[in-house]
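To start, the structure under review is shown below, and the notes come after it.
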Number of protein chains: 2
Amino acid sequence: MEETGKYKKGRQAPEPTLKRLPGYLYYLEQVREDGILNISAPTIGKDLSCDPTQVVKDLAFTGVKGKPRVGYNVYELIHSLEEYMGHNQVNEAFLIGAGNLGSALMAYQQEQALGLRIIAAFDIDKKKIGENIGGVHILEYSKLFSLSGRLNVKIAILTTPNQAAQEVAEDLINCGIKAIWNFTSVNLNLPEGIIVQNTSIGSYAAVLLRRLNDAGNNL
Amino acid sequence: MEETGKYKKGRQAPEPTLKRLPGYLYYLEQVREDGILNISAPTIGKDLSCDPTQVVKDLAFTGVKGKPRVGYNVYELIHSLEEYMGHNQVNEAFLIGAGNLGSALMAYQQEQALGLRIIAAFDIDKKKIGENIGGVHILEYSKLFSLSGRLNVKIAILTTPNQAAQEVAEDLINCGIKAIWNFTSVNLNLPEGIIVQNTSIGSYAAVLLRRLNDAGNNL
DNA sequence: CTTTAATAAAGAATTTATTCTTTATTTGTT
DNA sequence: AACAAATAAAGAATAAATTCTTTATTAAAG
């Protein structure tokens with residue numbers, strides 16, 4: 001099989017594409033539940049309010065092949081997306097900071113398929129230690145070091161208060177963590193090669209508020 | 001004052017810019033706490049790991065003016081950002097669905113300056129009704145209709161289960177809501193003019209997992 | 001068996017966003 | 001007072017992402 005095209009399998013998908021993939025997956029699971037076997041890009045585009053050629057290009061990154069006049073096989077497509085997104089492998093993660101957001105993520109991980117499994121949470125608050133949220137035990141933060149020595153966890157979710165973020169992140173690197181999902185507002189300063197995924201919920205509020213104010217006149 | 005330039009005040013800021021603004025604001029609050037009075041774009045860029053000219057252009061959208069050789073006045077800059085982001089006005093919001101994420105947002109709204117104030121939460125779960133999380137009362141969902149008649153709330157945060165999302169969203173529109181911050185996985189189908197801000201936390205997980213897998217070989 | 005319509009796939013063009021370059025301004029220094 | 005250095009601001013160039021256009025493939029209809 002030749003792989004020359006710009007959007008063919010093998011090329012690295014751009015970030016906007018990656019961010020759209022979970023949306024396709026959720027949608028396709030609904031479609032599958034409805035007993036639909038094949039679906040076309042134009043249909044997906046219409047249902048998700050996006051450009052059909054973008055759907056084609058996004059899905060092409062997963063390596064799936066569609067058939068003219070028929071569309072994509074829904075099962076194949078779901079499988080292809082899950083594989084590309086790494087959902088078929090176990091992605092174990094630590095969570096640091098079992099506050100509001102941390103707890104929500106723990107309770108959340110089953111319902112919403114995030115594609116990763118939080119296997120332990122850590123906090124310094126004695127009152128929280130020993131608790132179990134969404135099947136995840138909250139452990140004393142100092143246990144992180146011994147536990148990470150035995151387990152081979154590469155991903156950490158950082159939901160600490162801002163002032164603790166940088167220090168905790170450095171600890172995490174020392175524990176062998178390679179990717180940090182950072183929910184704090186802090187710009188983490190870490191060695192080259194560490195993957196940091198900043199996720200600021202406030203960014204979305206900013207877009208919403210600004211758009212509302214821009215529209216303001218005609219309400 | 002002439003406003004001809006592409007990045008001058010008055011033009012609508014692009015979404016990537018809007019998403020970066022909360023990051024600047026948090027950073028500048030730290031800078032202010034350190035007693036620093038002026039700051040330059042190159043310094044901001046270095047600290048936030050981004051291009052200094054991008055900093056200049058992003059900040060220009062708020063209408064703030066900097067001085068060569070000096071930089072921006074920190075107070076002015078913070079004020080300008082807050083005004084542009086609508087933080088100086090009261091942005092009241094309803095929250096629908098007081099589950100894990102909804103509760104987290106309620107508890108969260110003080111610490112993290114989201115720029116909006118949740119004034120009431122609604123749920124259909126009898127066990128949750130009457131609870132108070134982060135100063136927000138959880139009310140019976142049916143109360144939404146009478147309450148929205150008296151108050152003039154334009155923003156709603158949608159944190160219901162997916163299957164309820166579309167129906168609740170339609171109710172919200174009937175209650176006069178103009179902007180929905182949608183945390184569900186559902187692509188809402190709503191009348192023209194309604195602002196929908198989709199916020200899928202899973203999108204970030206997808207980017208993180210893919211980047212980790214792409215780097216996979218050299219770990 | 002031929003034709004037609006739908007669609008994936010590939011490529012081109014457009015638009016948008018980022019980065020680079022130049023200019024002009026301002027403060028500190030000689 | 002003139003000069004030099006730093007920096008905001010504006011504009012140009014580059015890069016990236018999206019949308020549009022064309023092509024080729026496939027299944028259904030006649």
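Naming: A, B, ... by sequence-line order, numbering from 1 per chain.
Listed candidates were C:dT18, D:dT7, D:dA27. Nearest to the side chain of B:Q54 is C:dT18. For B:P68, whose side chain is taken as the heavy atoms from C-beta onward, the closest listed nucleotide among C:dT21, C:dT26, C:dA17 is C:dT26. Closest approach to the B:R20 side chain among C:dT7, C:dT18, D:dA17 is made by C:dT18 (side chain taken as heavy atoms from C-beta onward). The listed nucleotides are D:dA27, C:dA9, C:dT7; the one nearest the side chain of A:K67 is D:dA27.
If B:T53 and B:P16 are placed on DNA chain C by their nearest nucleotide, the residue sitting closer to the 5' end is B:P16. Where A:E15 and A:R69 meet DNA chain D, the nucleotide closest to each residue was compared, and A:E15 sits on the side nearer the 5' end.
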Next item on the list: Test side-chain contact (heavy atoms from CB on, under 4.5 Å) on B:T159 and B:W181 and set out the steps.
Entry: CA-CA 9 Å; B:T159 47; B:W181 192 2; over 6 Å; no

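Considering only heavy atoms from C-beta on, B:I155 stays 4.5 Å or farther from B:K178 through its side chain. A:N198 places none of its side-chain heavy atoms less than 4.5 Å from the side chain of A:T184.
Nucleic acid contact class of A:P52 (heavy atoms, under 4.0 Å, all strands): none. Counting non-hydrogen atoms under 4.0 angstrom, A:S40 reaches the backbone sugars and phosphates but no base.
The cationic atom of A:R210 (NZ for Lys, CZ for Arg) lies less than 6.0 Å from the six-membered ring centre of B:Y84 and within 45° of the ring axis.
No side-chain donor-acceptor contact under 3.5 Å links A:S40 to the backbone of A:G71.
Here C:dT16 presents its P atom at 17 Å from NZ of B:K19, a figure rounded to the nearest Å. The CZ atom of A:F61 sits 13 Å away from the P atom of C:dA9 (whole-angstrom rounding). Look at CD on B:Q12: it is 11 Å from P on C:dA17, rounded to the nearest Å. What separates CG of B:D51 from P of C:dA17 is a distance of 16 Å, to the nearest Å. When rounded to the nearest whole Å, the span between CG of B:D58 and P of C:dT18 equals 7 Å. Taking atom NZ of B:K57 as the reference point, atom P of C:dT19 lies 11 Å away to the nearest angstrom. Counting to the nearest Å, the P atom of D:dT18 and the CG atom of A:L18 are 11 Å from each other. A:R11 places its CZ atom 12 Å from the P atom of C:dA10, with the value rounded to the nearest Å.
A side-chain donor from one of A:D58 and A:Y24 sits under 3.5 Å from a side-chain acceptor of the other. Residues B:R117 and B:Q109 have side chains that never bring a donor and an acceptor to within less than 3.5 angstrom of each other.
DNA chain D is contacted by no residue of residues 27-39 of chain B, taking any non-hydrogen atom closer than 4.0 Å. Using a 4.0 Å cutoff on non-hydrogen atoms, the parts of residues 71-78 of chain A near DNA chain C are A:G71, A:Y72, ordered by number.
Heavy atoms from other residues, nucleotides or ligands lying under 6.0 Å from NZ of B:K19 number more than 12. No more than 12 heavy atoms of other residues, nucleotides or ligands shown are found within 6.0 angstrom of CD1 on B:I124.
In this structure, the side chain to side chain contact (heavy atoms under 4.5 Å, CB included) partners of B:A121, at least two apart in sequence or on a different chain, are B:L95, B:M106, B:V136, B:I138.
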